[in-house]
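Chain naming here is simple, since letters A, B, ... match the order of the sequence lines and numbering starts at 1 in each. Keep in mind it's a predicted model, so treat the numbers as computed, not measured.
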Number of protein chains: 2
Amino acid sequence: MTIKEAKQQFIQSWGAIGTQWGVNKTMAQIHALLLVSNGPLSTEEIMEQLSISRGNANMNIRELMEWALVDKVFKAGERRDFFIAEKDIWRVARQVAKIRKKRELEPIIRLLDQIENIEGVKNEELKTFLKLLHDVRRLALNAERLIDGIVKSEENWFWGRVFKLFTK
Amino acid sequence: MTIKEAKQQFIQSWGAIGTQWGVNKTMAQIHALLLVSNGPLSTEEIMEQLSISRGNANMNIRELMEWALVDKVFKAGERRDFFIAEKDIWRVARQVAKIRKKRELEPIIRLLDQIENIEGVKNEELKTFLKLLHDVRRLALNAERLIDGIVKSEENWFWGRVFKLFTK
DNA sequence: TTCTACTTTCAATAAATATTGAAACTTTAT
DNA sequence: ATAAAGTTTCAATATTTATTGAAAGTAGAA
């Protein structure tokens, strides 16, 4: 396998994996393309390499910038925008964790806050239901705390601790 | 809010949250319905309460059983199937972690295994690319190990340790 | 075996999501 | 100011994913 083929493979697969992760294929592919490219790429180059339209490229680049996985850079004497990806994979992971926390965990907590006050006699049924709500809330809060920890940690520190967690 | 309304709200929102989590709405709603129901429910009852077709109900119940979040139970003297949800939320979380690991992490590791042997001179470009592949692999393996740890742990033990992790 | 109650499958259809491409908009150079 | 180069938006369209419902399949009772 040549390096060119390997990069192509990486881009294709990153796209496929992205869909499993609930991010759209093009977004994941652009991210992969920028990860494996040496220098910054223009919108034109991204469009060409991935065979996608200008609109599609634009929208997904913008979303990647919102996720803080991609930055816009300027080249001296060039009018158009160029883009680079964050190459520090641990930083990428922390960023993704942060965003998924917001999208996946926070809605649960908001939901549970909303359901708080239930009228009615405190019979078996209500007690069971309240226990469920309480358990889900506790889990969500703990998971949130874990992610906050991850987001704040240095890579080596974090995995070092996790390693100890499960061996000693 | 009455308990009935609260349960309704829970089911609707669990469905909406499910879509964020990449599971289909109906599957999440059936899960929620079974979680808040006191006894086992038949396919008919699920269809009626969620206003969905028989085929839809059947397929999603089956998938929930594959995920090991729902079990089939038999009632004495009843011919049709009844279903219950696993109510231990920590067990549910572990189960979901296990499945998402398989769907989201394992493909990455498989991908990287596949790209291993790249021909060509060991220039700057190749070195940078290999570093990327290596970093992604290390992250995926570490995340996998973390999830394996979660899957094997008792709830209190796990969160107790995580709590210590980020305070001391 | 046939009838009946129930479950599963799957082609057709609906709904949700992603993509295109051209028009509108913005910015810089002249 | 106007033109040129580049960017953004968004209605139309294509693609993917979920859902329906009826037909085929299964298993227990008579």
Length of the line joining A:Met59:CE and C:dT20:P, which is rounded to integer Å:
11 Å

Selection from D:dT19, D:dT9, C:dT8 that lies nearest to any side-chain heavy atom of B:Asn58
C:dT8

Of all the choices, C:dT8, D:dT7, C:dG21, which nucleotide is nearest to the side chain of A:Asp81 once you look at every atom?
D:dT7

Atom CD of A:Glu78 and atom C1' of C:dT27: how far apart are they, to the nearest Å?
15 Å

Are B:Trp67 and B:Leu33 connected, step by step, through hydrophobic side chains (Ile, Leu, Val, Met, Phe, Trp, Tyr) whose heavy atoms are closer than 4.5 Å?
yes

So, is B:Thr26 near the phosphate of D:dT19, with a side-chain N or O under 4.0 Å from OP1 or OP2?
yes

Without decimals, in angstroms, what is the distance between B:Asn24 CG and D:dT16 P?
18 Å

Proximal nucleotide (of D:dT20, C:dT9, C:dT8) relative to the B:Arg62 side chain:
C:dT9

If you group Ile, Leu, Val, Met, Phe, Trp and Tyr by side-chain heavy-atom gaps below 4.5 Å, do A:Met47 and A:Leu35 land in one group?
no

From the options D:dT19, D:dT7, C:dT7, select the nucleotide whose nearest atom is closest to the side chain of B:Asn56.
D:dT19

In whole Å, I'd like the distance from the CZ atom of A:Arg54 to the P atom of D:dT8.
11 Å

Send over the distance from A:Phe74 CZ to C:dT28 C1', rounded to a whole Å.
13 Å

Using atom types as modelled and distance alone, determine if a side-chain donor or acceptor of B:Glu45 lies under 3.5 Å from a backbone N or O of B:Ser42.
yes

Please say yes or no: joined through hydrophobic side-chain contacts below 4.5 Å, possibly via intermediate residues, are B:Ile147 and B:Leu112 part of one cluster?
yes

Of all heavy-atom pairs between A:Trp14 and A:Ala28, which one has the smallest distance, and what is that distance?
CD1-O, 3.1 Å

Between C:dT28 and A:Arg80, is there an OP1 or OP2 to side-chain N/O distance shorter than 4.0 Å?
no

Whether A:Lys102 and A:Glu66 form a salt bridge (side-chain N of Lys/Arg under 4.0 Å from carboxylate O of Asp/Glu) is what I want to check.
no

Reading DNA chain C from 5' onward, which residue's closest nucleotide shows up sooner: A:Met27 or B:Glu44?
B:Glu44

Could you state the atom-to-atom distance from CD1 of A:Ile30 to C1' of C:dT19 in whole Å?
12 Å

Do B:Arg80 and B:Thr43 have side-chain heavy atoms sitting under 4.5 Å apart?
no

Measure the distance from NZ on A:Lys25 to C1' on C:dT17 and round it to the nearest whole Å.
12 Å

Check: A:Arg79 side chain, D:dA5 base, donor-acceptor under 3.5 Å
yes

Using the C1' atoms of the five pairs at each end, what is the angle between the end axes of the helix from C:dT1-D:dA30 to C:dT30-D:dA1, to 10°?
10°

Please give, in whole Å, the distance from C:dA18 C1' to A:Asn60 CG?
9 Å

